[in-house]
Structures are given as structure tokens and as C-alpha cells.
Amino acid sequence: MRRARHSRRPESEPMTTPAHVAIIMDGNGRWAKARGLPRLAGHKAGVEALRRTVRNAADLGISWLTVYAFSSENWSRPKSEVSDLMGLLKLFIRRDLAELHQNGVRVRIVGERADLQPDIAALLDEAESLTANNRAINLVIAFNYGGRDEIVRAARKIAADALAGKIALAEITSETVAKALDTNDIPDPDLVIRTSGEMRLSNFLLWQAAYSEFVFEPCYWPDFTREHLAEALRQYAARERRFGGLDARGVAS
């Protein structure tokens with residue numbers, strides 16, 4: 001990954017940039033099928049698209065980039081495909097971690113880690129610890145992640161604290177829940193992008209995306225380019241976020 005450039009943006013690119021963009025990287029398998037290739041080829045192309053997007057996000061001034069890398073439901077896929085995906089994850093971290101670190105990328109992982117294979121868990125821990133002090137851009141990887149599972153785990157933490165007398169029921173607020181989530185110190189996404197033309201969240205950041213803007217991009221993830229990202233940012237810049245309040249004209253949302 002090349003070092004992000006900080007030159008003036010071309011006039012065709014937006015000047016208003018969301019602080020946090022989250023992406024559902026969808027369509028690797030269909031991309032491969034359309035080309036008569038095995039699914040693994042699609043996943044490999046998807047990794048290349050991720051490399052490009054991290055570079056482009058930093059270049060466009062995005063502070064936080066969250067990507068849906070592997071959901072808690074993906075374990076139900078054929079064992080061969082899961083094995084291929086784990087191999088690609090290991091390769092990505094081993095091949096790219098030093099360069100990500102050099103370019104000031106801070107890597108964060110969200111998702112359940114309790115039952116992960118020791119070598120996978122160790123790689124995730126290494127990625128976080130090595131890059132902990134970096135500030136150029138925050139790359140959040142949702143791995144073995146599911147929004148409902150995250151909320152359930154948060155509810156269990158809060159219930160345990162309530163049973164232990166650490167918190168009263170009347171003191172439980174939305175802030176209490178937010179602090180118990182995997183993303184407790186990560187800002188909510190301003191913009192969620194999904195590729196492949198599908199229009200659903202698929203159990204991704206269910207709590208955090210309550211007030212996010214959405215852009216559904218028809219291209220498959222391996223074809224996602226800087227221009228696709230810039231176009232999503234342009235759409236975001238044209239919208240008025242009211243969070244349930246009034247707009248500048250006093251019109252209710």
C-alpha cells in the first residue's frame with residue numbers, strides 16, 4: 001500500500017467528507033462466477049480492493065474506515081471456503097501489516113474472539129498492538145462479527161453488572177449499551193456503503209448505524225474503485241442529516 005498523498009483534491013471529488021465510513025464488501029463470489037473463476041479468485045480480488053480502499057480512504061480524508069470482513073454467520077459456508085478465507089486473512093495481515101503500520105494506519109478488530117483458533121487470535125492481537133499509536137486513519141475490521149450477537153453480549157455484560165449491584169436498572173441508558181458494545185470507543189458510522197446492489201444491513205452495525213446515511217453501489221466489491229468511493233462521498237455531502245430534528249427550514253425529518 002502506498003503512502004497516502006495529501007495533495008489538493010480534484011474538483012470532481014467532494015469537499016465534505018464523513019469522519020467514519022463503513023463498508024459491506026459484498027459480491028466477491030458473484031464477481032468470480034461472472035468470469036468463470038473459482039470463488040477463491042473473487043475473494044483474492046476482494047482483498048486487492050480492500051488495499052485500494054484503505055489507501056483511497058486515507059487520501060480522501062476519512063478518519064475511520066470499518067469493513068465487514070467475516071460475519072459470525074459465515075462459518076456456515078463450505079469448510080473449504082472458510083479455510084480459504086482464513087488463509088487470506090492470515091496473508092493480508094502478514095503481508096500488509098508492516099506497510100499499514102508504516103503508513104500510520106491503526107488497525108482495530110471488532111467481533112467475538114473467544115472461540116477463534118489461537119493462530120488467528122494471535123494475528124489479530126498483533127495487528128492491534130503494533131499499530132495502536134498510529135493516527136493517519138483507523139481501519140476497523142469486523143471479523144467473526146454479527147450485530148445481534150454484539151448486542152446480546154452487551155446485554156449480558158450489563159445484566160451481570162446489574163446483578164452484582166454495580167449499576168441500578170434505572171441507570172441503564174442508551175449510553176450504557178453503547179459502552180458495552182465492541183465499538184465502545186469508536187464513533188458511529190456517518191455513511192454505510194454496500195456493494196453488489198443488495199440493499200440490506202445483513203446484521204452489520206445494527207446499533208451503530210441507527211442514524212447513518214446509506215449508499216448502495218451496484219458494482220461487485222472487487223470492482224470498487226476510488227471513483228465509486230468519491231461518488232458515495234458526493235451523495236453523502238448532498239444530504240442533510242437531522243437525527244430526528246428539524247432541517248434549516250424548520251421542516252421535521
Side-chain angles (χ1 to χ4, degrees), residues 1-4 19-25 28 40-59 62-75 77 79-147 149-150 153-154 157 178-189 203-205 208 221-222 224:
M1 188 182 80
R2 298 172 298 181
R3 186 176 297 277
H20 185 177
V21 174
I23 303 180
I24 302 173
M25 307 180 294
N28 290 346
L40 178 58
H43 293 311
K44 287 181 177 179
V47 171
E48 291 299 326
L50 174 57
R51 292 188 180 107
R52 290 195 306 268
T53 302
V54 174
R55 180 169 63 247
N56 292 331
D59 201 20
I62 295 167
S63 299
W64 293 84
L65 176 67
T66 297
V67 295
Y68 204 5
F70 191 85
S71 81
S72 52
E73 288 84 14
N74 285 156
W75 296 107
R77 292 188 178 187
K79 290 184 178 180
S80 60
E81 183 171 357
V82 171
S83 178
D84 288 340
L85 289 169
M86 294 304 103
L88 286 175
L89 173 69
K90 294 176 186 178
L91 181 63
F92 175 77
I93 293 178
R94 288 170 179 160
R95 172 179 167 180
D96 292 78
L97 184 57
E99 193 168 356
L100 290 168
H101 180 46
Q102 181 182 0
N103 289 332
V105 179
R106 184 184 183 188
V107 178
R108 304 285 301 278
I109 311 296
V110 295
E112 178 58 72
R113 300 196 210 181
D115 298 323
L116 293 179
Q117 295 177 359
D119 59 337
I120 295 290
L123 281 174
L124 300 181
D125 290 342
E126 178 187 358
E128 286 190 313
S129 61
L130 178 64
T131 64
N133 296 319
N134 293 341
R135 294 294 180 266
I137 184 173
N138 297 276
L139 173 61
V140 183
I141 300 175
F143 180 80
N144 194 26
Y145 175 87
D149 174 70
E150 180 189 28
R153 287 187 282 109
K157 293 176 188 176
K179 288 179 180 179
L181 297 172
D182 297 348
T183 56
N184 62 84
D185 59 346
I186 297 172
D188 290 344
N203 205 18
F204 182 53
L205 300 179
Q208 299 86 341
W221 173 246
F224 191 78

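The structure displayed is predicted, hence computed values, not measured ones. The basis for the numbers below is simple: all heavy atoms, side chains too, and nothing from hydrogens, waters or symmetry mates.
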Query raised in the report: Is there side-chain contact between His43 and Asp84, with heavy atoms separated by less than 4.5 Å?
Result: no

Requested in this report: Identify the heavy atoms of Ile137 and Ala57 that sit nearest to each other, and give their distance.
Outcome: CD1-CB, 3.8 Å

**Report entry** Criterion side chain to side chain contact (heavy atoms under 4.5 Å, CB included) on Asp182 and Arg153, from CA distance to verdict
**Finding:** CA-CA 9 Å; Asp182 297 348; Arg153 287 187 282 109; 2.8 Å; yes

Query raised in the report: Roughly how far, to the nearest 0.5 Å, is the CD1 atom of Ile23 from the OH atom of Tyr68?
Result: 14.5 Å

Query - Arg108 side-chain N/O to Ala142 backbone N/O, donor-acceptor pair under 3.5 Å - result: no

Query raised in the report: Looking at Asp185 and Trp64, what are the two nearest heavy atoms and their distance?
Result: O-CH2, 4.2 Å

Requested in this report: Output, in order, the C-alpha distance, side-chain angles, deciding distance and verdict of side chain to side chain contact (heavy atoms under 4.5 Å, CB included) for Met86 and Gln117.
Outcome: CA-CA 10 Å; Met86 294 304 103; Gln117 295 177 359; 5.7 Å; no

Query raised in the report: To the nearest 0.5 Å, how far apart are OG1 in Thr66 and CD1 in Ile141?
Result: 10.0 Å

Query raised in the report: Got a sec, which residues hit salt bridge (Lys or Arg N to Asp or Glu O under 4.0 Å) with Arg94, two or more places apart in sequence or on another chain?
Result: none

Requested in this report: Without swapping roles, check the side chain of Asn74 against the backbone of Ser71 for a donor-acceptor pair under 3.5 Å.
Outcome: yes

Report summary line: Note: Pro189 and Leu205 closest approach over all heavy atoms is CG-CD1, 4.0 Å

Query - Crowding at CG, Asp115 (>12 non-hydrogen neighbours, <6.0 Å) - result: no

Query raised in the report: Where do His101 and Asn134 land on the side chain to side chain donor-acceptor pair (under 3.5 Å) test, with the steps shown first?
Result: CA-CA 7 Å; His101 180 46; Asn134 293 341; 3.0 Å; yes

Query raised in the report: Is Lys90 atom NZ crowded by more than 12 heavy atoms from other residues, nucleotides or ligands, each under 6.0 Å away?
Result: yes

Requested in this report: Could you tell me whether Lys157 atom NZ has more than 12 heavy atoms of other residues or ligands within 6.0 Å of it?
Outcome: yes

Query raised in the report: Would you say the side-chain atoms of Asn138 pair up with the backbone N or O of Val107, donor to acceptor, closer than 3.5 Å?
Result: no

Query raised in the report: Is a side-chain N or O of Asp149 found less than 3.5 angstrom from the main chain of Gly146, in a donor-acceptor match?
Result: no

**Report entry** Short side-chain donor-acceptor distance under 3.5 Å, Asp188 and His20
**Finding:** no

Query raised in the report: What do the steps show when you test Arg113 against Asp125 for salt bridge (Lys or Arg N to Asp or Glu O under 4.0 Å), and what is the final call?
Result: CA-CA 10 Å; Arg113 300 196 210 181; Asp125 290 342; 2.7 Å; yes

Query raised in the report: Got a donor-acceptor contact below 3.5 angstrom from the Ser83 side chain to the Lys79 backbone?
Result: no

Query raised in the report: Are Asp59 and Arg55 ion-paired here, with the side-chain N under 4.0 Å from a carboxylate O?
Result: no

Requested in this report: Find the distance between CG (Leu40) and CG (Asn28) and round it off to the nearest 0.5 Å.
Outcome: 10.5 Å

Report task. May I ask you to decide if Asp96's main-chain N or O and Arg51's side chain share a donor-acceptor pair within less than 3.5 Å? Result -> no

Query raised in the report: Which residue, Leu139, Asn103, Leu97, Val105, forms the side-chain contact (heavy atoms from CB on, under 4.5 Å) with Thr131?
Result: Leu97

Query raised in the report: Please walk me through it: do Trp221 and Thr53 pass side chain to side chain contact (heavy atoms under 4.5 Å, CB included)?
Result: CA-CA 10 Å; Trp221 173 246; Thr53 302; 3.3 Å; yes

Requested in this report: Look up atom CG in Leu50 and atom CZ in Phe92, then write down how far apart they are to the nearest 0.5 Å.
Outcome: 4.5 Å

Query raised in the report: In Å and rounded to the nearest 0.5 Å, what is the CE to CZ distance from Met25 to Phe70?
Result: 12.0 Å

Query raised in the report: Would Leu124 and Leu116 satisfy side chain to side chain contact (heavy atoms under 4.5 Å, CB included), going step by step from the backbone distance to the final call?
Result: CA-CA 10 Å; Leu124 300 181; Leu116 293 179; 3.8 Å; yes

Query raised in the report: What's the shortest heavy-atom distance between Gly42 and Pro222, and which atoms?
Result: O-CG, 3.8 Å

Query - Tyr145-Glu150 side chain donor-acceptor pair, cut-off 3.5 Å - result: yes

Query raised in the report: Any side-chain heavy-atom pair from Leu65 and Val140 closer than 4.5 angstrom?
Result: no

Query raised in the report: Any sub-3.5 Å donor-acceptor pair from Asn144's side-chain atoms to Gly111's backbone N or O?
Result: no

Requested in this report: Measure the CG-CD distance between Leu130 and Glu126 for me, rounded to the nearest 0.5 Å.
Outcome: 6.5 Å

